[in-house]
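Residue numbers begin at 1 in each chain, while the letters A, B, ... track the order of the sequences.
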Amino acid sequence: MKRAIALVDGNNFYVSCERIFNPAIEGRPVVVLSNNDGCVVSRSPEAKALGIRMGVPFFEVRRLVNSHGLVWFSSNYALYGDISARMMELLGEFAPRCEVYSIDECFLDFTGMVIDINRHGHNIRDRVRRWLGIATCVGVGTSKTLAKLANHVAKTQGHYGGVFDWEMLTAGERDDAMARLDVAEVWGIGRRLAPRLHDMGIRSVLDLRLAPAKRIRRRFSVTLERTVAELNGLPCIELEPSEVRRGQIAASRSFGRPVTALDEMREAVASYAIRAAERLRAQHSLCKEVGVYVETGRFVDIAERYNASSAVPLTVASDDTRRISAAALFVLERLWRPGYRYKKAGIWLGGLRPAHAIQTDLFAGYERTRSAQLMTAMDAINRNYGMHTATFAGAGIRQPWRMQSARLSPRYTTSWEELAVVS
DNA sequence: TCTGGGGTCCTAGGACCC
DNA sequence: TCTGGGGTCCTAGGACCC
């Protein structure tokens with residue numbers, strides 16, 4: 001049976017979320033910034049029209065605030081995450097199987113449904129628009145890669161009304177359309193691969209679709225070979241169930257200002273350890289390795305640059321914040337070099353395994369039980385009374401190194417104190 | 001002055017073993 | 001000076017994604 005896969009995504013999702021509760025910024029250029037108010041990560045159409053590129057450092061476009069009435073927000077993940085969850089729940093009603101691919105994207109599998117796909121797509125858009133106030137686009141194809149590409153067409157070619165299905169076209173029309181799309185638009189072709197493909201004379205999506213698979217495999221990798229197959233309508237990438245256990249957990253932040261003191265760095269690393277361990281327990285995993293990195297960043301003089309990382313194995317796989325934190329601080333001592341202005345640090349947990357498959361040492365049983373009880377209690381307190389109600393002193397109280405969020409909108413939907421009031 | 005964070009997958013090469 | 005072949009496992013690094 002021919003597959004029908006749709007990709008639905010929210011248009012400039014973070015900006016759309018801000019606009020739900022703030023209609024006054026409708027029609028104005030709006031951007032949402034990355035953590036630390038560093039880069040532009042979401043742009044309204046008006047902001048795009050001003051020539052603001054995705055990912056530019058905010059300081060490069062800041063003058064537009066005064067000259068063109070540009071409105072900006074720090075990113076408010078509590079809000080976006082909540083709107084996202086509602087959107088995904090809604091989308092799940094439109095297909096028997098779906099995969100939440102990112103905070104604003106969802107694959108839906110229409111295969112086998114007896115429907116007019118184009119009309120179904122428009123129904124989805126209308127529903128999400130009316131129920132949540134979020135504009136979406138829907139792209140449909142016989143593979144995930146084609147669905148992603150169709151979504152791009154739906155987004156960039158207004159006459160399709162936000163819904164595009166490759167199967168609406170004849171084979172000849174499809175070739176024409178693909179010949180007009182740059183190969184860089186394909187899912188999996190990034191800034192390194194695109195120029196290499198161009199050099200080989202593969203410039204359009206059609207060129208890539210018609211490229212000999214063996215040659216692609218030889219010159220590149222199986223990944224790109226699969227992409228070519230997917231463009232030809234041979235699905236190679238399956239829909240994945242959304243509740244997957246991550247294979248790796250990382251926590252990191254850029255600092256609000258450079259860190260030069262080891263004490264502050266210890267606080268930062270300890271606080272990342274706390275958060276990473278919480279996420280580890282939330283997915284019922286244990287880790288066998290704890291890694292740390294510290295960075296002065298790429299934007300300083302070579303002589304003042306020091307980027308280093310290292311890891312230690314744990315003798316027994318653990319999800320205990322105290323163990324993970326201790327291991328991280330141990331690694332930090334090894335990495336630490338005084339005299340540098342550090343801009344960022346992070347930790348990662350590796351060797352993840354399900355919590356029930358624990359490989360213990362002889363004496364671990366008793367300690368393990370007590371540790372599990374303590375962690376369960378802390379997680380419950382934080383769930384019920386708000387994040388960081390119960391925490392560890394090692395993470396610091398004032399946290400002067402914390403990131404900047406100068407213009408954070410209220411958590412309209414997830415905090416009683418900041419609830420939006422309709423009058 | 002100011003440049004995000006959290007993931008995945010693949011490959012090459014080294015370590016180690018018989 | 002001479003120094004096999006093949007397999008597995010692990011890691012680092014590179015590419016990509018949003």
Side-chain angles (χ1 to χ4, degrees), chain A residues 7 9-14 31-43 53-63 65 72 74-77 80-81 84 99-107 144-145 148-149 151-152 183-197 216-227 236-238 240 242 244-258 272 275-276 279-280 283 288-289 291 293 295-300 307-311 313 341 343-352 402-406:
Chain A
L7 180 74
D9 79 339
N11 300 349
N12 36 74
F13 186 68
Y14 296 171
V31 294
V32 173
L33 307 183
S34 62
N35 279 322
N36 231 7
D37 295 340
C39 298
V40 171
V41 293
S42 182
R43 307 159 297 157
R53 283 170 301 115
M54 186 66 173
V56 284
F58 182 53
F59 69 83
E60 287 181 13
V61 295
R62 187 163 200 150
R63 57 192 163 74
V65 173
W72 63 278
S74 305
S75 40
N76 183 345
Y77 288 105
Y80 313 149
S84 169
E99 173 191 342
V100 176
Y101 177 65
S102 75
I103 194 161
D104 72 330
E105 288 173 279
C106 185
F107 286 103
K144 284 168 93 172
T145 303
K148 286 281 279 185
L149 196 61
N151 183 276
H152 170 77
V183 71
E185 301 299 344
V186 175
W187 190 35
I189 311 290
R191 61 183 218 286
R192 304 278 175 174
L193 287 179
R196 285 177 64 196
L197 287 166
I216 292 294
R217 167 131 203 190
R218 195 157 20 89
R219 295 281 293 269
F220 300 92
S221 66
V222 295
T223 319
L224 195 55
E225 186 188 17
R226 280 203 278 264
T227 298
C236 302
I237 309 172
E238 289 302 318
E240 283 166 24
S242 295
V244 286
R245 284 206 177 109
R246 309 247 162 261
Q248 183 185 316
I249 288 174
S252 67
R253 283 286 180 277
S254 296
F255 300 129
R257 58 155 170 77
Y272 304 151
R275 203 170 28 198
R279 282 159 48 196
L280 185 67
Q283 67 165 34
K288 196 73 176 59
E289 181 198 63
Y293 63 91
E295 294 182 0
T296 55
R298 321 185 288 285
F299 302 105
V300 295
N307 301 336
S309 69
S310 182
R341 292 163 59 78
K343 302 298 288 294
K344 181 178 179 182
I347 89 160
W348 75 89
L349 308 180
L352 266 51
R402 271 179 64 89
M403 66 173 184
Q404 308 282 315
S405 268

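- One atom, CZ of A:Phe220, and another, C1' of C:dA15, lie 12 Å apart when rounded to the nearest Å.
- Atom CD in A:Glu289 sits about 12 Å away from atom C1' in C:dA12, given to the nearest Å.
- For A:Thr223 and A:Ser254, each mapped to the nucleotide of DNA chain B holding its nearest heavy atom, the one lying further toward the 5' end belongs to A:Ser254.
- An OP1 or OP2 oxygen of B:dG6 is reached within less than 4.0 angstrom by a side-chain nitrogen or oxygen of A:Ser252.
- The nearest whole Å value for the distance from the CG atom in A:Asn35 to the P atom in C:dC18 is 19 Å.
- Here the nucleotide nearest the side chain of A:Lys343, chosen from B:dG5, B:dT3, B:dG4, is B:dT3.
- For DNA chain C, the neighbouring residues in residues 186-194 of chain A, judged by any heavy atom under 4.0 Å, are A:Val186, A:Trp187, A:Gly188, A:Ile189, A:Gly190, A:Arg191, A:Arg192, A:Leu193.
- Residues passing the side chain to side chain contact (heavy atoms under 4.5 Å, CB included) test with A:Lys344, sequence neighbours excluded: A:Ser252, A:Ser254, A:Tyr293, A:Glu295.
- You'll find the side chain of A:Asn151 stays beyond 4.5 Å of the side chain of A:Glu105, heavy atoms only.
- The phosphate of B:dT1 (OP1 or OP2) has no side-chain N or O of A:Arg257 nearer than 4.0 angstrom.
- Contact annotation for A:Gly247: backbone-only contact, meaning every heavy-atom pair under 4.0 Å involves sugar-phosphate atoms and none involves a base.
- Residue A:Val31 is tested with A:Val40, A:Asn12, A:Val61 for a side-chain contact (heavy atoms from CB on, under 4.5 Å); the sole match is A:Val40.
- Residue A:Val222 is in sugar-phosphate contact alone, with no base atom involved, counting any heavy-atom pair closer than 4.0 Å across all strands shown.
- Classification of the A:Tyr101-A:Phe107 ring pair by plane angle, with boundaries at 30° and 60°, yields perpendicular.
- Closest to the side chain of A:Arg226, from the set C:dC18, B:dT3, B:dC9, is B:dC9.
- Sequence order on DNA chain B of the closest nucleotides to A:Asp37 and A:Arg246 puts A:Asp37 first from the 5' end.
- The CD-C1' distance, from A:Gln283 to B:dT8, rounds to 14 Å in whole Å.
- Residues A:Thr145 and A:Lys148 form no side-chain contact, since every pair of their non-hydrogen atoms from C-beta on lies 4.5 Å or further apart.
- Between B:dT3 and C:dC18, the two P atoms lie 24 Å apart (nearest whole Å).
- For A:Gln248, there are no side chain to side chain donor-acceptor pair (under 3.5 Å) partners at least two apart in sequence or on another chain.
- Close to B:dT3, at under 4.0 Å from its OP1 or OP2, lies no side-chain N or O of A:Lys344.
- Take A:Asn36 and apply the side chain to side chain donor-acceptor pair (under 3.5 Å) test, not counting sequence neighbours, and it matches no residue.
- Here the closest heavy-atom approach between residue A:Phe13 and residue A:Ile103 is recorded as CE2-O, 4.0 Å.
- Listed here is the closest heavy atom pair of A:Trp348 and A:Ala311: CZ2-CB, 3.9 Å.
- Rounded to whole Å, atom C1' of C:dT11 lies 18 Å from atom OH of A:Tyr293.
- Where DNA chain B pairs in unbroken runs of 3 or more (Watson-Crick or G-U, both distances under 3.5 Å), the stems are B:5-18 with C:5-18.
- Taking atom CD of residue A:Glu225 and atom C1' of nucleotide B:dC9, one finds them 15 Å apart after rounding to whole Å.
- A side chain to side chain donor-acceptor pair (under 3.5 Å) check over residues 53-63 of chain A, counting only residues at least two apart or in different chains, returns nothing.
- Within 4.0 Å (heavy atoms only), A:Phe58 reaches no atom of the nucleic acid at all.
- Atom CD of A:Glu185 and atom P of C:dC18 are 11 Å apart (whole Å).
- Counting non-hydrogen atoms under 4.0 angstrom, A:Ile103 reaches nothing in the nucleic acid.
- Using a 4.5 Å heavy-atom threshold, the side chains of A:Leu149 and A:Glu185 count as touching.
- Whole-Å rounding puts the A:Ile237 CD1 to B:dT8 P distance at 16 Å.
- Within the nucleic acid shown, A:Glu105 comes within 4.0 Å of sugar-phosphate atoms alone, with no base atom in reach, counting heavy atoms only.
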